[in-house]
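Take a look at the structure below.
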Amino acid sequence: MAKFLSNLSKIFKFPGGVEPATHKDLSFQKTQTIQNFHEISKKIFDFLVEIGDANNDRKAAEIIVKVGDKVFAGQMIAKPTNSLAVAAHSPVDGVIKEIANKPSTHPSGLENLCVVISPDENQNQNKNKNQNKNKNNVDSSDLFDYQNKTLPEIDKFIQNAGIVGLGGAGFPTHSKIDGAAKSHIETIIINAAECEPYATSDDILIQQKAAEIIAGIQILAEMLSPKNIIIGIEDNKPQAIKALQEQIKAQNKGNEILIKVVPTIYPSGSAKQLAYLLTGKKIAASSRTTSVGVQVFNIATIFSLYQAIKFNKPLISRIVTITGNVKNPGNYEVLIGTPIKEIIDFAEPLENSNGIIHGGPMMGFPIINENSAVLKTTNCLIVSSEKLFPPKLPEMPCIRCTACAKVCPSQLQPYAMAWFSKSKDFQKAEQYDLFECIECGCCSYVCPANIPLVHYFRFAKSEIFAKRAEQKAAEIAKERFEFKQFREQREKAEKAERLRLAAEKAAQKMKEAEQAEQAEK
């Protein structure tokens, strides 16, 4: 343990990585404040709250409202059905207009089940809340006394508040807390790196909400009692670093919170890479950070956790960076379910805009349909243009330069994985540790042959997942068929046994009747 404690003052260096231009100044050109989108935009529009995950039924929630119902801001509209699901809430006072499949904010652009809410024209999010309280509503007049609750009770509250990881993956926060408690983690890492170019939503959140963030970290520390609490932040955020330092000093509660400033190298914000930077502990992509006594939470998640526990506010809004080729770039507080088109229209795209990127340019994806909605994991929207993102040159054959391998933070051989993925030799691709790939995009960024390597990796993974799902379905079908055969054979045997017993009983009665007749004679 002494060796690990000495490591807390050291910054390690993970292998590979790249240093793309950050472009973070674009969203700070006009203002360095968080603007409330729904206060400065007077337009009335419907909200599309996606329920569950478009590609994972395990994360789905059960809708508990129906068309025509009146709802208020913060009211639960879908309840979790399992441990990997979280609740969904109405972001506004309004009426349920429709429950239907709508275009999802997903790389596939496939439809996902949405609750469409038509807001009241005169919004007052606090109006009649006490009159409308029900068992499904997280919001109440009584604050949640987490200090006198068991961890399962706290987890349930966080699950019903709809809190998920806001750094990108959207993993349920209650599940991470539960996993950390069961693993008896020693170190909590707060991820404030925000390494994706263009994105500044975490930066501005820290600058303006540092007090709430540090208070949220203290709450998390009370739940998990870790030996070490480390905030990892890149060195390109001096104002955010200063704000955190001031609040740590002001809120000294005995829990030592260490700020470690790391170099601005992508992908330092990836959980496993950040954990290595801060602790020197290596974590395989197939393992979780808890396997080495570490749990990582995004800085925006901590803020949402604080709001839920201290004010009973479910996750119905988040900070989103709007940047790129727009007239009004900035960081906006946006309600979950807001149509992306409405935000982009307000930001006023400039001439020659040619698309929208969800997330960052490294790991993000193009928006297929602008009518899809802001998700809990929407941290950045970039309006693209040929000037900002020049057209990709034609893909050329791989020249085996190994540049991709040199920058891979997972120390893989992307050129080999791509070769087998393209040729659909998925078994071979797996042998080259396909699933160790974190899809950071470093390999594609440096490839001189313009090969979209990550595209091929995602394709291979999706095909493998589809094949596994097909095999599982076939196994289930086989089990059902075999059980049906077993049941039919059992029923046939039971029927034969009943007939045999009935025949024996009839023969016995006949024998008894004959004996009685002979006795009478």
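Note that the structure is predicted; figures quoted are calculated from it, not measured.
In this view, T290 and S183, I185, R288, Q295 satisfy the side-chain contact (heavy atoms from CB on, under 4.5 Å) rule, not counting sequence neighbours. By the side-chain contact (heavy atoms from CB on, under 4.5 Å) test, A347 pairs with I322, V326, sequence neighbours left out. With sequence neighbours excluded, the residues satisfying side-chain contact (heavy atoms from CB on, under 4.5 Å) with T33 are T31, Q35, Q208.
A salt bridge is defined here as a Lys NZ or Arg NE, NH1 or NH2 lying under 4.0 Å from an Asp or Glu carboxylate O, and K43 with E342 meets this definition. The existence of a salt bridge linking E212 and K310 is excluded, since no basic side-chain nitrogen approaches an acidic carboxylate oxygen closer than 4.0 Å. For D145 and K149, the salt-bridge test fails: no basic side-chain N is under 4.0 Å from an acidic carboxylate O.
Considering all non-hydrogen atoms of both residues, F157 and N312 come closest at CZ-OD1, 3.2 Å. Closest non-hydrogen pair, I382 versus G360, comes out as CD1-CA, 4.1 Å. When all heavy atoms of P80 and Q159 are compared, the pair lying nearest together is CB-NE2, 3.5 Å.
Taking the ring axis of F435 as reference, the NZ or CZ atom of R458 does not stay both within 45° of it and closer than 6.0 Å to the ring centre. By the 6.0 Å and 45° rule, K176 stacks over the aromatic ring of F297.
Residue E194 holds its CD atom at 6.0 Å from OG1 of T321, rounded to the nearest 0.5 Å.
Remark: of the listed residues Y332, F45, F346, F45 is the sole one forming a ring-ring contact (aromatic ring centres under 6.0 Å, His included) with H38.
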message: Test side chain to side chain contact (heavy atoms under 4.5 Å, CB included) on S118 and E98; report intermediate values, then the result.
response: CA-CA 9 Å; S118 180; E98 188 180 3; over 6 Å; no
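Within 6.0 Å of the CZ atom in R480, the count of heavy atoms belonging to other residues, nucleotides or ligands does not exceed 12. Other residues, nucleotides and ligands contribute more than 12 heavy atoms inside 6.0 Å of the NZ atom of K30.
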